[in-house]
Amino acid sequence: MNKDKQRRIEARKLLLRKEDPFVEIDLSKIDHPAWMTRCFRNNRYTVMIDDQCKVSTGTAIRAMVQSHLNLPIQNHWSEMQRIKNVIFGPETTAIEYYPAESRLENRENIYWMWVFNDGLLPIPV
């Protein structure tokens, strides 16, 4: 059995359980991308965070969310809202970014959330 198939079988077993709380991962004990400053994980998702992501207005928090099944997230909007609330707080505003096709990177079932400091993101009224 190949490694990806085995990983999906194990992930499906985890999904049968009630969702565990997110736990922060100690990055000093794992290999991780150089940009990642924090990471949270439970039995459904991994959330990798860059607290100092450069953007045109300075910096923002960029969070990558991926299901352990590596499939599209069901109830995508409500799940992302819930994850945002748990990790960043219910009164934090975050957005998803839909780039120009020329800048699109869509290799995996990964969702990106961007958290900006208050006042940098216009809020509809």
Side-chain angles (χ1 to χ4, degrees):
M1 179 177 320
N2 73 32
K3 190 168 119 177
D4 190 51
K5 186 173 181 178
Q6 181 63 37
R7 187 184 56 76
R8 282 193 182 181
I9 289 169
E10 294 302 316
R12 280 194 176 93
K13 289 178 189 175
L14 290 174
L15 289 175
L16 294 175
R17 297 188 352 226
K18 180 180 173 189
E19 185 171 355
D20 294 337
F22 279 100
V23 174
E24 188 164 5
I25 304 302
D26 182 351
L27 297 182
S28 69
K29 296 182 179 181
I30 63 166
D31 287 332
H32 59 84
W35 58 263
M36 186 171 43
T37 57
R38 293 185 286 156
C39 182
F40 293 85
R41 187 179 173 111
N42 69 7
N43 60 318
R44 288 184 169 63
Y45 304 105
T46 297
V47 181
M48 298 167 68
I49 299 170
D50 178 356
D51 286 293
Q52 294 296 317
C53 184
K54 291 182 184 195
V55 295
S56 60
T57 57
T59 60
I61 297 170
R62 179 179 66 165
M64 183 196 86
V65 180
Q66 185 172 27
S67 163
H68 294 302
L69 284 176
N70 195 26
L71 295 172
I73 295 175
Q74 292 186 354
N75 304 314
H76 160 258
W77 187 91
S78 58
E79 279 296 281
M80 291 294 284
Q81 175 75 6
R82 189 180 61 72
I83 292 166
K84 185 248 342 156
N85 289 348
V86 168
I87 294 176
F88 300 105
E91 291 305 311
T92 300
T93 299
I95 63 168
E96 280 189 283
Y97 178 69
Y98 297 93
E101 285 294 314
S102 60
R103 296 180 55 133
L104 180 64
E105 292 183 26
N106 194 18
R107 295 182 297 255
E108 304 286 336
N109 286 299
I110 293 173
Y111 299 82
W112 293 93
M113 181 184 312
W114 299 79
V115 180
F116 291 87
N117 292 327
D118 286 342
L120 287 181
L121 182 66
I123 307 294
V125 290

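This structure is a prediction, so every number in the text was calculated from the model and none was measured.
- Residues Glu19 and Asn43 have side chains in contact (heavy-atom distance under 4.5 Å, counting atoms from C-beta outward).
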- [ ] Tell me, with the steps shown, if Tyr45 and Glu79 meet side-chain hydrogen bond (donor to acceptor under 3.5 Å, both in side chains).
- [x] CA-CA 10 Å; Tyr45 304 105; Glu79 279 296 281; 2.5 Å; yes

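- Hydrophobic clustering places Ile73 together with Val86 (ILVMFWY residues linked when any side-chain heavy atoms are closer than 4.5 Å, directly or through intermediates).
- Residues Phe22 and Ile49 share a hydrophobic cluster, clusters being chains of Ile/Leu/Val/Met/Phe/Trp/Tyr side chains in contact below 4.5 Å.
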TODO: Take Leu27 and Cys39 through the side chain to side chain contact (heavy atoms under 4.5 Å, CB included) test and state the conclusion after the steps.
DONE: CA-CA 7 Å; Leu27 297 182; Cys39 182; 3.9 Å; yes

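- The distance from atom CE of Met113 to atom CD1 of Ile83, rounded to the nearest 0.5 Å, is 6.0 Å.
- Under the 4.5 Å side-chain heavy-atom criterion for ILVMFWY residues, no single connected hydrophobic cluster contains both Val115 and Met64.
- The shortest side-chain heavy-atom distance between Thr37 and Gln52 does not fall under the 4.5 Å cut-off.
- Glu24 meets the side chain to side chain contact (heavy atoms under 4.5 Å, CB included) test with Arg38, Phe40; sequence neighbours excluded.
- Qualifying side chain to side chain contact (heavy atoms under 4.5 Å, CB included) partners for Pro90, counting only residues two or more places apart in sequence or in other chains: Asn85.
- Smallest separation of non-hydrogen atoms from Asp26 and Ser28: OD1-OG, 2.6 Å.
- A donor-acceptor pair under 3.5 Å is formed between the side chain of Asn109 and the backbone N or O of Asn70.
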- [ ] Output, in order, the C-alpha distance, side-chain angles, deciding distance and verdict of side chain to side chain contact (heavy atoms under 4.5 Å, CB included) for Val23 and Arg41.
- [x] CA-CA 5 Å; Val23 174; Arg41 187 179 173 111; 5.9 Å; no

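- Considering only heavy atoms from C-beta on, Lys18 stays 4.5 Å or farther from Asp20 through its side chain.
- Here CZ of Phe116 is found 11.5 Å from CZ of Arg62. Values are rounded to the nearest 0.5 Å.
- Hydrophobic cluster membership differs between Met48 and Ile87, with clusters built from Ile, Leu, Val, Met, Phe, Trp and Tyr side chains linked at under 4.5 angstrom.
- Note: the hydrophobic cluster containing Trp35 also contains Ile30 (ILVMFWY, side chain heavy atoms under 4.5 Å, direct or indirect links).
- Among pairs with a residue in residues 86-96, those fulfilling side chain to side chain donor-acceptor pair (under 3.5 Å) read His76-Glu96, Glu96-Tyr98, at least two apart in sequence or across chains.
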